[in-house]
Amino acid sequence: MTIVSDLLARSNRLGADKRTTNFAGGNTSAKGSLADPVTGEDAPILWVKGSGGDLGTLKAAGLAVLRLDRLQALQHVYPGVEREDEMVAAFDYCKHGPGGAAPSIDTASHALVDMPHVDHLHPDAGIAIATAADGERLTRRIFGGKVGWIPWRRPGFQLGLDTAQLQREHPEMIGAVLGGHGITAWAGTSDECEANSMWIIETAQRWIDEHGVPEPFGAVRPGFEPLPDADRRARAVALFPVLRGMASTDRPMVGHFTDTPEVLDFVSREKMPALAELGTSCPDHFLRTKVKPMIVDLPASTPLDDVLAALPAVHDQYRADYAGYYERNKTPESPAMRGADPAIILVPGVGMFSFGKDKATARVAGEFYVNAINVMRGAEALSTYAPIDESEKFRIEYWALEEAKLRRMPQPKPLATRIALVTGGGSGIGRATCERLVAEGACVVVADLNADTAAAVAEELGGPDKAIGVRADVSDAEAVQAMIDAAVLAFGGVDLVVNNAGLSLSKPLLETTEADWDLQHNVMAKGSFLVSREAARVMIAQGLGGDIIYISSKNSVFAGPNNIAYSAAKADQAHQVRLLAAELGEHQIRVNGINPDGVVRGSGIFAGGWGAARAKVYGVPEEELGQYYAQRTLLKREVLPETIANAVFALTAGDLTHTTGLHIPVDAGVAAAFLR
């Protein structure tokens, strides 16, 4: 259908342009007709983006399909602004047939405006005008009567009535600035509507550029300038786990780091503390960023130890302020406070740390705060930034409709918010473990000696919101540190480590060289030690506990032929489990091991020559080695990489909370390797 396809194309273009709206923000709609399947007569229809959808990726299934005549008839039963929330439930009685997305709170603003096409967007330039202290005057001056002004009104049915009245009384207008909120535009065709939206946005931005003061945030404060790139990233790595631990006081969070020029400029300026304290204004902004950020308001040159020492008091004050905001504004009907920790933390000289229930949520929160910075810049360039009142922010943050939306969200997966690091993650056990951890909700760092392989696996797992790939030689202390730093910068810390990297050279004692011995011990014994040491530093800094898993081997307890170097290195790993479990328990870091055997399929070790050597030892063809191993077990079953990944999940998913220092045999039953 042309109407729907045109609407989707317009929506996708608008949503892909960061000048127009942010992720999951805004709505678009179109009006037309469809045959009523009962009467066969044409029925007036509204197609409008549904609740929670994203314009940039909107598809037909994301549209609410509603009877326009029934929506417009709701005006006659509207009980008034004090009860307007009841109208959202009434939208369900206006649906045209089964299916379709749930109608959003903004549906009335599309249905009641007497134009075939309507856009509602949250562009930075538009919100800058909407949040300026003299926004109404600026609207008249900037747009010359083509765009109207609607004072702040919470999204809902009354805003739809107000918008419809403006359009009806001023047919010469193409849209409106919504005070404290955003813009809306309308037209007779889809192309004209999009053009009107873009004209409003571009005209507002051009006016800001041409008439705004050059330094709307004031002068740079001495000592608050951005640190040099390397120093800034090093400071971010040192602060991020501590900040993540604080942001996770009420519930665990994943983090995102932003040090773009607009962020670094904002946190360096004189007006930053006062503007940040005012908080964001657009509902889409503060629902994701909270009403205001936490500010670590110290010069960038402050010694790291002094910054770390100051953080607890700053965090305590933020929590107290948020609790005060809740207490000042709550009513008997308000939901319980959802948590007093910050979603955004600003650190002069370093950047912005944002937090959420997963990586995408944390990243989007940061993107929204960048939008808020742009809004404040535009408003201050022309006037004075004046966001909506605190009480209005509270009404939306703790809105019954918002609470209902949160309750409809699916339950988090078992490893949600966990940040996992898997060495040797490019193949075999490591790859299968990465796949299982991501499937169960974790963010994963795929570490492998082959950078291309690590990157490819990470991309297959879903890309940077799910996984990143890093090259890591675990036998090199500097490379291990760089790997841990990459994990911290990507997600905010480390919660779960799987020491899986390994190799093996199958040789009898007299043929085993010193180089053979050193290579295997450097990768497995030394490598596991280095990874565990650096990961433990991060876990302790976070204060969130953690898991360290060693993929050891049946050979750590079983004396087999022709593998002294490999088996000795695995025995070293096995004892590291016990040693670290004893040492790290006070930090709630659990250390456990898994002893696989005969994992042939997909194994990098077996493909690299170990399989051929072991097949020769046992006198079987290499391609039958997996079946050979299976037949010598009690269960007569082949052990697969996925089998080991299942054991990793079992140890870390939350049911074995009181287990540490354990080794689990995953070998289908090798009696000679029973733990005694």
Side-chain angles (χ1 to χ4, degrees), residues 18-22 25 121-143 147 149 152 177-183 200-226 258-282 284-286 289 291-297 299-300 344-352 354 366-390 393:
K18 294 302 182 185
R19 296 174 299 168
T20 65
T21 200
N22 29 44
L121 304 168
H122 302 141
D124 296 346
I127 306 175
I129 308 304
T131 57
D134 54 347
E136 185 173 6
R137 180 188 66 82
L138 285 169
T139 298
R140 289 195 300 269
R141 187 176 180 192
I142 293 169
F143 301 108
V147 176
W149 169 267
W152 162 255
V177 173
L178 309 176
H181 187 166
I183 69 163
I200 295 171
I201 295 166
E202 290 166 355
T203 300
Q205 187 61 61
R206 187 163 52 249
W207 188 275
I208 293 169
D209 293 341
E210 294 174 357
H211 296 83
V213 299
E215 291 191 331
F217 292 147
V220 173
R221 292 188 285 174
F224 285 72
E225 300 91 345
T258 307
D259 60 348
T260 54
E262 58 266 56
V263 170
L264 292 171
D265 177 74
F266 178 62
V267 297
S268 73
R269 297 285 179 167
E270 287 178 331
K271 290 186 179 181
M272 181 274 288
L275 288 170
E277 182 68 22
L278 290 174
T280 54
S281 186
C282 176
D284 269 27
H285 292 182
F286 62 76
T289 66
V291 289
K292 66 178 183 180
M294 178 176 127
I295 305 170
V296 184
D297 200 24
I344 303 290
I345 299 177
L346 303 177
V347 183
V350 180
M352 172 176 65
S354 53
E367 291 173 359
F368 271 85
Y369 201 79
V370 171
N371 291 130
I373 290 172
N374 294 335
V375 166
M376 289 185 273
R377 180 185 295 109
E380 287 288 312
L382 298 178
S383 175
T384 301
Y385 176 62
I388 62 175
D389 291 342
E390 176 188 277
K393 294 178 184 178

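The CZ atom of Arg206 lies 12.0 Å from the CD1 atom of Ile201; values are rounded to the nearest 0.5 Å. Separation of atoms OG (Ser354) and CZ (Phe368) is listed at 12.0 Å; rounding is to 0.5 Å. Here Thr384 contributes atom OG1 and Leu278 contributes atom CG; the two are 10.0 Å apart, rounded to the nearest 0.5 Å. Atom CD of Glu210 sits about 11.0 Å away from atom CD1 of Ile142, to the nearest 0.5 Å. Remark: Asp265 CG to Arg377 CZ distance equals 6.0 Å, nearest 0.5 Å. Met294 contributes atom CE, which lies 4.0 Å from atom CD1 of Ile345 (distance to the nearest 0.5 angstrom).
The shortest side-chain heavy-atom distance between Met376 and Phe266 falls under the 4.5 Å cut-off. For the pair Met272/Ile295, a side-chain contact is recorded, criterion being any heavy-atom separation below 4.5 Å from C-beta on. Looking only at side-chain heavy atoms (C-beta outward), Phe217 and Glu270 stay at 4.5 Å or farther from each other. Counting only heavy atoms from C-beta outward, the side chains of Thr258 and Tyr369 never approach each other to under 4.5 Å. You'll find the side chain of Leu275 reaches within 4.5 Å of the side chain of Glu380, heavy atoms only. The shortest distance between side-chain heavy atoms of Ser268 and Glu225 does not fall below 4.5 Å. Side-chain contact between Thr139 and Ile129 is present, with at least one heavy-atom pair separated by less than 4.5 Å. Contact annotation: the side chain of His122 approaches that of Ile127 to within less than 4.5 Å [non-hydrogen atoms, C-beta and beyond].
Thr131 and Gly180 make their closest contact through CG2-CA, 4.0 Å (heavy atoms, listed as atom of the first residue, atom of the second, distance). Taking every heavy atom of both residues into account, Pro226 and Leu264 meet most closely at CG-CB, 3.8 Å. In this structure, Val267 and Gly349 approach most closely via the heavy-atom pair CG2-N, 4.1 Å. The nearest pair of heavy atoms linking Ala128 to Val375 is CB-O, 3.6 Å. Here the shortest heavy-atom pairing between Ala132 and Ala386 reads C-CB, 4.5 Å.
Ser383 places no side-chain N or O within donor-acceptor distance of the main-chain N or O of Ala379, the cut-off being under 3.5 Å. Within the 3.5 Å criterion, the main-chain N or O of Pro216 finds a donor-acceptor partner in the side chain of Lys271. Counting only distance, with no hydrogens or angles, the side chain of Lys393 and the backbone of Thr280 share a donor-acceptor pair below 3.5 Å.
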- Please report the C-alpha distance between Met352 and Ile344 in whole Å, then the side-chain angles of each, then the deciding distance to 0.1 Å, and finally whether the side-chain contact (heavy atoms from CB on, under 4.5 Å) criterion is met. CA-CA 7 Å; Met352 172 176 65; Ile344 303 290; 3.8 Å; yes

- Task: Take Trp152 and Ser281 through the test side-chain contact (heavy atoms from CB on, under 4.5 Å) and record every step on the way to the result.
- Result: CA-CA 10 Å; Trp152 162 255; Ser281 186; over 6 Å; no

- List the steps and the verdict of side-chain contact (heavy atoms from CB on, under 4.5 Å) for Leu382 and His211. CA-CA 7 Å; Leu382 298 178; His211 296 83; 4.1 Å; yes

- Task: Please lay out, stage by stage, how Leu178 and Ile183 fare under the test side-chain contact (heavy atoms from CB on, under 4.5 Å).
- Result: CA-CA 5 Å; Leu178 309 176; Ile183 69 163; 5.9 Å; no

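Judged purely by distance below 3.5 Å, without hydrogens or angles, the side chains of Gln205 and Asp209 pair a donor atom with an acceptor atom.
Using a 4.0 Å cut-off between charged nitrogen and carboxylate oxygen, Asp297 and Arg221 count as a salt-bridge pair. A salt bridge links Glu136 with Arg140; the closest basic N to acidic carboxylate O contact falls under 4.0 Å. A salt bridge links Glu215 with Arg269: at least one charged nitrogen is closer than 4.0 Å to a carboxylate oxygen.
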